[in-house]
Number of protein chains: 2
Amino acid sequence: MRTDAQRNYAQLLAVAAEVFAEHGTEASLRDVARRAEVGIGTLYRHFPTRDALLQALLASRFDALAEAADGDDLRTWLHRVAFGSAAYRGLPASVLGALRDETSELHASCEAMRTAGAGLLAASQQAGQVRGDVTIADLLIAATSVGWSAEQAGTEGAERQFTLLMDGLRVNIG
Amino acid sequence: MRTDAQRNYAQLLAVAAEVFAEHGTEASLRDVARRAEVGIGTLYRHFPTRDALLQALLASRFDALAEAADGDDLRTWLHRVAFGSAAYRGLPASVLGALRDETSELHASCEAMRTAGAGLLAASQQAGQVRGDVTIADLLIAATSVGWSAEQAGTEGAERQFTLLMDGLRVNIG
DNA sequence: ACCTGAACACCGTTCAAGT
DNA sequence: ACCTGAACACCGTTCAAGT
């Protein structure tokens, strides 16, 4: 990659993170290009779709979560997933989307994170702390849901929802 | 209201329900006006904002939920709230928004539905079936969250999340 | 190789002109 | 009273022209 292209790529990514934080994942891409001081065509050359841009931003997030699993307990890790996914308005939907889309370029990062979480879950289940019929998919849906609530209803409500979720995982039914 | 105005109002509402069902709550309002065979200015005259249109659609929904509480048990009613709010993409956010916005013209309908739900909750708590520290606000956040999951991850995952939620309500901790 | 911006087809919203 | 659509300022996306 040419050095100017490299600069533009990095700049676009940094600016996109800012703009999405301000206006959500539906923010104007033209605005991103403007603030990055780059022609709109350059944005499209590097990121052919809005999803491509979002995925580039999500990748590092997933990697960080995969790493964090080594050291967190299940509750701490799920909390990270939930409230981390609420970084931009609309992000929880993208996170869940990436988890479900197997054709995504992100799928490797997704899988790493998912298996890391599955490890924490299995340990908690073996220790008898979490009901046995819950899957990692269940937990990721529940956690991103809490992220959505944080966006919509504020942190307090979402924290209560998270606590309710964690308490609920302890029942032994299934 | 003039009879042509009345016709237009009703037509716009009916078409909006269709278009939102197809394309979500962010669907093109111009498209709504076109399909309703009405000038775009007429749409804006009847519904000055997209939210006004959404609110008109939500009102009957809330009223129906308030009525349904008389006859449902808590689980059935919450299921209705959760999956009913997933009727259009983006609707769970509007439902939660309407519940939180006290200045909304919808607030009367909201309150009616909320108190109806609160009655079901209180009964379940007195019967010892639901933990005592859960509030109706908690349940409405949780239920609309499930609606969001249904949009994002499909019905199966959302149903599992709903079951997990209902099971979790039975723990006696608080 | 890469960058640029004009061009196209849309959109939300307003408001003068009509009946 | 109400309806209409042109007008404005935006947007996403593509692609010929430039370096």
Side-chain angles (χ1 to χ4, degrees), chain A residues 1-58 88-91 93-94 97-98 101 103-105, chain B residues 1-58 88-91 93-94 97-98 101 103-105:
Chain A
M1 190 146 68
R2 241 163 56 179
T3 54
D4 57 339
Q6 221 162 330
R7 256 186 64 95
N8 287 340
Y9 182 91
Q11 183 68 7
L12 281 165
L13 220 51
V15 169
E18 268 180 40
V19 174
F20 287 168
E22 281 175 40
H23 299 110
T25 56
E26 295 300 316
S28 160
L29 295 182
R30 275 182 122 108
D31 193 28
V32 172
R34 264 192 304 263
R35 289 212 223 172
E37 293 177 324
V38 144
I40 180 67
T42 301
L43 183 148
Y44 275 90
R45 161 167 264 262
H46 287 293
F47 305 101
T49 81
R50 165 176 252 115
D51 231 60
L53 190 47
L54 235 25
Q55 283 182 9
L57 288 171
L58 281 178
Y88 324 132
R89 237 174 323 124
L91 195 59
S94 295
D101 181 7
T103 74
S104 160
E105 295 186 18
Chain B
M1 190 144 69
R2 242 161 58 177
T3 54
D4 57 340
Q6 221 162 330
R7 256 187 64 94
N8 287 339
Y9 182 92
Q11 184 67 7
L12 280 165
L13 221 49
V15 169
E18 267 180 41
V19 174
F20 287 167
E22 280 176 41
H23 298 111
T25 57
E26 296 299 319
S28 160
L29 295 181
R30 274 182 123 110
D31 194 28
V32 171
R34 263 190 305 263
R35 290 213 223 170
E37 293 177 324
V38 145
I40 181 65
T42 301
L43 183 150
Y44 275 91
R45 160 166 266 263
H46 286 294
F47 305 101
T49 82
R50 166 177 251 112
D51 230 60
L53 190 47
L54 236 24
Q55 283 181 8
L57 288 171
L58 281 178
Y88 324 130
R89 237 173 324 126
L91 195 59
S94 294
D101 180 8
T103 72
S104 159
E105 295 185 17

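Every chain is numbered from 1 and lettered A, B, ... according to where its sequence line falls, protein lines coming before strand lines.
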As a test of reading the structure: which of D:dC2, D:dT4, C:dC3 is closest to the side chain of A:T42, going by heavy atoms?
C:dC3
Counting side-chain heavy atoms from C-beta on, which of C:dC2, D:dT14, C:dT13 comes nearest to B:Y44?
C:dT13
I need the CD-P distance between A:E26 and D:dG12, as an integer number of Å.
9 Å
Would you mind telling me which of C:dT4, C:dT13, D:dC3 lies closest to the side-chain atoms of B:D4?
D:dC3
Side chains of B:V38 and B:V15, heavy atoms from C-beta outward: is any pair under 4.5 Å?
no
For the pair B:R30 (side chain) and B:I40 (backbone), establish whether a donor and an acceptor sit closer than 3.5 Å, ignoring hydrogens and angles.
no
Student check: side-chain heavy atoms of B:L91 and B:L57 closer than 4.5 Å:
no
If you look at every strand shown and take non-hydrogen atoms under 4.0 Å, does B:A33 touch a base, only sugar-phosphate, or nothing?
nothing
Side chain of A:N8: nearest nucleotide among D:dT14, D:dC3, C:dC3?
C:dC3
Going by an N to O cut-off under 4.0 Å, is there a salt bridge joining B:R35 and B:E22?
yes
Roughly how many Å is it from CZ in A:R30 to P in D:dG12, rounded to a whole number?
7 Å
Using the closest heavy atom to pick a nucleotide of DNA chain D for each, name whichever of B:L43 or B:R2 lands nearer the 5' end.
B:R2
Separation of A:L29 atom CG from D:dC10 atom P, in whole Å?
17 Å
Nearest whole Å is fine: how far is D:dG18 P from A:R45 CZ?
17 Å
Considering only side-chain heavy atoms of A:S28, which listed nucleotide, C:dC3, D:dC3, D:dG12, is closest?
D:dG12
When you measure from the side chain of B:I40, which nucleotide among D:dC11, D:dG5, C:dG12 comes out closest?
D:dG5
From NE2 of A:H23 across to P of D:dC11 the rounded distance in Å is 10 Å
Complementary nucleotide for D:dC11 - Watson-Crick or wobble, under 3.5 Å
none
Using whole Å, report how far CD of A:Q6 lies from P of C:dC3.
11 Å
Heavy atoms under 4.0 Å, any strand shown: does B:R34 hit a base, just sugar-phosphate, or nothing?
sugar-phosphate
Spell out, as yes or no, whether a donor-acceptor pair under 3.5 Å connects the side chain of B:R50 to the backbone of B:E26.
yes
Taking a pair to mean Watson-Crick or G-U wobble geometry with both distances below 3.5 Å, D:dT4 pairs with C:dA16
Whether B:H46 contacts D:dC2 is assessed here as follows: a side-chain N or O lying under 4.0 Å from the phosphate OP1 or OP2. Is that the case?
no
